[in-house]
Amino acid sequence: IICLVYSGPAADLSFKLAQNRAYYLLIMLPFIIAGLISLLAGPVIINWYHRRGWIDDPDQTRHVKKTHNRPVPRGGGLVVWLGIVITSLLLLHLDKYLIGILLGGTLLAVVGFFDDLYNLHPVLRLGLNFLAALIVVGVGIGIPYVTNPFGAEVIHLNQPQLALELFGKTRTIWVLAALFAVLFIVW
C-alpha cells in the first residue's frame, strides 16, 4: 500500500506517485528476476529428476510428512537456490559477506539434493545446517543487538569478545552476536 501525503499542486503529487512506483519496482526487481529464473529452471529440474527416476512415490515409502497422493519429483530446493544465486550474482556487489551467504546456501542446497536422493539422517542434516550457519557467521555476519521487548532501548550483544591473533592481525569474535546469528540461521 502506497501512502502519500499531499503537500502541493497536482503535478507534485503525480511526481511523488511516479517516484514511489519506481521505488517499489526497484524493490520488487530481485523478486521478479528470481521468480522468472525459478520459473524457467523448474521444468528443467523436474524433467531431469523424472529421467533419473528421482521421484517421491507415497505408495512406496510411507511417511507422515508426505502429503501428496501421486508420485512427484523432488528437487524444489535446487530451483529456489538457482533463482537466488543467479539473481544475487547479477544484482549484488560480490564481497566476503555475499560469498559467505552464497557458500552457506550452496551447502544447504547440496545437503537438500542428497537428502532428496538418500533420505539423510536428521542429525546429519542438523549438523550440516549448523556448518552452513557457521560459514555465514565466519565471514563476519552477526546480530549485534536485539530490541528489548520490555523497554525502549536495545540489548547490545557485542560483549563478551574473544580476541584471536590470526594471519598477523588481531581479530575479535563477538560471542553472543555470533551465537544469536547461528541459532537464528539454523532455526
Side-chain angles (χ1 to χ4, degrees), residues 1 21-144 146 157 173-174 177-187:
I1 298 173
R21 283 186 184 152
Y23 174 75
Y24 287 111
L25 179 62
L26 185 64
I27 293 292
M28 292 304 298
L29 184 65
F31 296 104
I32 293 168
I33 292 173
L36 289 174
I37 291 169
S38 296
L39 188 67
L40 294 173
V44 174
I45 299 291
I46 289 171
N47 286 335
W48 182 49
Y49 269 61
H50 272 294
R51 282 194 318 267
R52 306 287 255 165
W54 296 337
I55 58 172
D56 191 10
D57 190 352
D59 294 332
Q60 290 181 357
T61 53
R62 289 274 181 215
H63 196 278
V64 106
K65 71 178 181 176
K66 296 182 182 179
T67 59
H68 49 276
N69 299 325
R70 58 183 176 84
V72 295
R74 294 178 165 192
L78 290 179
V79 174
V80 172
W81 176 80
L82 278 171
I84 290 171
V85 168
I86 293 171
T87 303
S88 297
L89 292 174
L90 286 174
L91 298 180
L92 298 175
H93 174 69
L94 193 63
D95 60 4
K96 70 176 188 174
Y97 303 111
L98 181 60
I99 290 170
I101 291 168
L102 293 179
L103 282 176
T106 300
L107 176 60
L108 293 177
V110 169
V111 169
F113 174 76
F114 284 111
D115 184 45
D116 286 347
L117 299 182
Y118 303 113
N119 291 322
L120 300 177
H121 194 276
V123 174
L124 176 62
R125 287 193 323 246
L126 182 63
L128 292 170
N129 282 347
F130 271 106
L131 180 61
L134 287 172
I135 290 171
V136 173
V137 171
V139 297
I141 296 173
I143 300 175
V146 293
L157 303 174
I173 298 173
W174 295 2
L179 181 65
F180 268 66
V182 167
L183 293 176
F184 180 77
I185 292 169
V186 171
W187 184 288

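The two residues A133 and I185 have their closest heavy-atom pair at CB-CG2, 3.7 Å. Across I46 and P73, no two heavy atoms sit closer than the pair CG2-CG, 3.7 Å. Minimum interatomic distance between I173 and A178 (heavy atoms only, all atoms of both residues): CG2-CB, 4.4 Å. Nearest approach of P30 to T87, heavy atoms of both residues: O-CG2, 3.6 Å.
Taking CG of L183 as the start and CZ of F130 as the end, the distance is 6.0 Å to the nearest 0.5 Å. Expressed to the nearest 0.5 Å, how far CG of L98 lies from CG of L103 amounts to 9.5 Å. To the nearest 0.5 angstrom, Y118 atom OH is 13.5 Å from L124 atom CG. Residue W81 holds its CH2 atom at 9.0 Å from CG of L102, rounded to the nearest 0.5 Å. One distance of note links CZ of F113 with CD1 of I45; it measures 9.0 Å at 0.5 Å rounding. A distance of 11.5 Å separates CZ of R125 from CG of L108, quoted to the nearest 0.5 Å.
Ring geometry for W48 against W54 counts as perpendicular: the plane angle is over 60°, on a 0 to 90° scale with 30° as the lower cut.
Heavy atoms of other residues, nucleotides or ligands lying less than 6.0 angstrom from CG of D95 number more than 12. In the displayed structure, F180 atom CZ is contacted under 6.0 Å by at most 12 heavy atoms of other residues, nucleotides or ligands.
Judged purely by atom type and a 3.5 angstrom limit, R74 has no side-chain atom pairing as donor or acceptor with the backbone of D56. Side-chain atoms of N129 never come within 3.5 Å of backbone atoms of V186 as a donor-acceptor pair (strictly under, hydrogens ignored).
Residue V80 forms a side-chain contact (heavy atoms from CB on, under 4.5 Å) with just one option from L78, I84, L82, and that option is I84.
You'll find the side chain of L157 stays beyond 4.5 Å of the side chain of W174, heavy atoms only. No side-chain heavy atom of V44 sits under 4.5 Å from any side-chain heavy atom of L40. Looking at L29 and I33, their side chains come closer than 4.5 Å, going by heavy atoms from C-beta outward.
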Would you please test V111 and L120 for side chain to side chain contact (heavy atoms under 4.5 Å, CB included) and show each step?
CA-CA 8 Å; V111 169; L120 300 177; 4.3 Å; yes
